[in-house]
Novice: 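To start, I am sharing the structure in question, which I have written as structure tokens.
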Amino acid sequence: MEFSPNSTFLYIVAIIVIAFVLVQSVYFLVRAYRQGKKLGMSTAKLRKTILSTAIFTVAPAVSILMGVVVLAKALGIPLPWIRLSVIGALTYELPAASAAANSFGIKELGELITDPKVYSAIAWVMTLGILPSIILPPILMKGIRGGMVKIKGKDPKWSDIFMTSLFLGMISAFLGVVFAHINEGLKGWIPFFVLLVSAAVMAICGLLIKKCNMKWLENYAIAISMLCAMTFAVFITPVIAG
Amino acid sequence: MSNYLKKTDTIGKIWIWSAAVLVLMVPVAICVYYNSWPEITSVLKGLLGVAPIFWTVGVIEVITYTPMLGIGGTYLAFVTGNLTSIKAPAALTAMENADVKADSEEGEVISTIAIATSSIVTTLVIIVGVVLFSLVAPVIESPVLKPAFDNILPALFGGLAVVYVSKNWKLSIVPLVFMVTLFLCVPSLADSVGILVTVGVIVALVSSRIMYKKGWI
């Protein structure tokens, strides 16, 4: 069988996997929506959640598409398409593919891989490297949920603080990392400036929501602040980096 | 646990195990169809380069995100991936806007709806990108737009921080100062931010516990 990373066979495999993800997502969406109605949640609230999440998702989804574009040069379209639609993450797939290619002496993922053995090895590494993320949730769920219920039963106030601290710990790590490059001169400050713009736009949205009673803005504030900050990055980077 | 949650757990498990099998079948199908089984040593060599970090990140993500995302949200988010950049922020923002708590059944519903919606939108965006690949690729890769995508995380977390830090500034100070100082002192840690989420979470939990016990919060 003649091998090509863009063969019809690989596209069929990709379509099967993508269809699975879509069906699962739609199933969970419908089920949760129905349960929301049963719990007495308003249709407006549920629909607002869907609409605002959909709008928020577009920008980061395009950045994931960028991952497919980058990887497609070496791996064709189907494999990166599969990998970035299921379990994967942008920060994972590129290093995984590079590490696998390196073990075959391929230094850079710039050219289309035509050796089926190398391609298969890369597919295996990308798949096995991410496996714990899909195997562990069903195994650990009972223990984690049990722990949460125990904390809540013992001290509901601490349970609330515990959950908030989890969010804040995660946010702190991603805020802290913005400062990692500021020793590299003005260029290293760009992520920090972008962060400030995003925060400032969010703060303005917050003021508009509270002071001007623009309640509708609540659902779009995060998408707006993100897009403003990304647009700012496009303009500020050439000015600073030259 | 309510009937809905129990059922979600069972159904979620069936979906996630099916997804695990399906994902594993991809390299198997490639190897069988092209008769291209690679040598185990070359796979292990490649795996050695990524597994130590990404298996650790995988464990950390499951422990950190499961309480936040709820049962349905967790089972779906770990199948569809991209937790840090899309799923977790989407679920947190949706729960905040709907004014529901993550550990309530309403929180479970909103988190699942948000994660399902963002999974569908992400998948559709990628499908459009793949179908229109030759048109989309040059635009996405253009050097003009590159800084926008390079800075997607600060653009996202800046806004999120305003929401959470302003509401919980007492709980935020210690983990924030700690993480900023850590990255300023050891910039090379930026590559392992996935692992450092745990450090942030532990610092936040310990400092909150102390403040709670002292009656400061």
Side-chain angles (χ1 to χ4, degrees), chain A residues 3 24-25 28-29 32 35-36 49-50 53-54 57 60-61 63 65-66 69 87-89 96 99-100 103 116-117 120-121 123-125 127 129 132-134 136-138 144 161 165 168-170 172-174 176-180 191 194-195 198-199 202 218 222 225-226 229-230 233-234 237, chain B residues 13 20 27 31 34 36 38 42-43 45-46 49-50 54-55 58 62 66 76 78 81-82 85-86 90 93-94 109 112-114 116-122 125 129 137 140 147-149 151-152 154-155 157-159 162 172 175-176 179-180 183-184 187 190 193 196-197 200-201 204-205 208:
Chain A
F3 171 76
Q24 184 185 4
S25 305
F28 273 75
L29 178 63
Q35 182 64 15
T49 302
I50 295 175
T53 309
T57 306
S63 83
L65 178 60
M66 195 174 75
V69 171
I87 340 173
S103 66
K117 274 202 173 167
S120 306
W124 273 110
V125 173
T127 306
S133 296
I134 202 162
L136 288 177
I144 294 172
I161 297 172
S165 301
L168 289 171
M170 177 187 91
S172 302
F174 287 98
V177 78
V178 166
F179 292 83
V194 173
L195 180 110
S198 169
M202 189 54 147
E218 212 168 51
I222 190 81
S225 56
M226 199 173 170
M230 286 168 77
V234 167
T237 306
Chain B
K13 276 192 178 119
C31 293
Y34 290 109
S36 59
S42 64
V43 173
K45 222 169 128 192
V50 281
F54 288 103
W55 284 2
V62 174
T66 302
L76 185 57
F78 278 95
N82 293 297
S85 62
I86 301 188
T93 311
V109 164
T112 307
I113 290 179
T117 307
S118 64
S119 302
I120 295 168
V121 173
T122 308
V125 166
I140 287 186
F149 296 117
N151 287 290
I152 198 145
F157 280 94
V162 170
S172 314
L176 255 181
M179 293 314 288
V180 170
F183 282 110
L184 277 176
V193 67
L196 287 162
V197 167
V201 166
L205 284 175
S208 309

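Numbered from 1 within each chain, the chains take letters A, B, ... in sequence-line order. Keep in mind that what you see is a predicted model, and the values were worked out from it rather than measured.
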Novice: Nearest heavy-atom pair of G159(B) and M202(A): which atoms, and what distance?
Specialist: O-CG, 3.3 Å

Novice: Between W55(B) (side chain only) and P132(A) (backbone N and O only), is there a donor and an acceptor less than 3.5 Å apart?
Specialist: no

Novice: Would the number of heavy atoms belonging to other residues, nucleotides or ligands and lying under 6.0 Å from NZ of K13(B) be above 12?
Specialist: yes

Novice: Holding to ring pair (Phe, Tyr, Trp, His ring centres under 6.0 Å), I want the full list of residues that pass it with F78(B), two or more places apart in sequence or in another chain.
Specialist: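 Ring pair (Phe, Tyr, Trp, His ring centres under 6.0 Å) check on F78(B) returns nothing, list empty.
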
Novice: Considering only heavy atoms from C-beta outward, does the side chain of N82(B) approach that of P60(A) to under 4.5 Å?
Specialist: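 No, side chains not in contact.
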
Novice: Mind ranking S225(A), A54(A), A100(A) by heavy-atom pairs under 4.5 Å with chain B and telling me who comes out on top?
Specialist: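 Of the candidates given, the most pairs with chain B belong to A54(A).
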
Novice: Between Y34(B) and F3(A), does the ring centre distance come in under 6.0 Å?
Specialist: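 So the answer is yes for these two rings.
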
Novice: Minimum heavy-atom separation for A96(A) and V50(B), please, with both atom names.
Specialist: CA-CG1, 3.3 Å

Novice: Rounded to the nearest 0.5 Å, how far apart are OG of S118(B) and CG of L29(A)?
Specialist: 10.5 Å

Novice: Can you tell if the side chain of F157(B) reaches within under 4.5 Å of the side chain of M226(A), non-hydrogen atoms only?
Specialist: no

Novice: Under 3.5 Å, is there a donor-acceptor pair between the side chain of S208(B) and the main chain of S165(A)?
Specialist: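 The answer is no, because no donor-acceptor pair under 3.5 Å joins these two groups.
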
Novice: Out of S120(A), A99(A), G36(A), return the one with the most heavy atom pairs under 4.5 angstrom to chain B.
Specialist: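 The candidate making the most pairs under 4.5 Å is S120(A).
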
Novice: If you count heavy-atom pairs under 4.5 Å with chain B, which of A61(A), P138(A), A199(A), A173(A) comes out on top?
Specialist: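 Going by pairs under 4.5 Å, I would pick P138(A).
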
Novice: Output the option from A229(A), A233(A), S198(A) having the highest count of non-hydrogen pairs under 4.5 Å with chain B.
Specialist: S198(A)

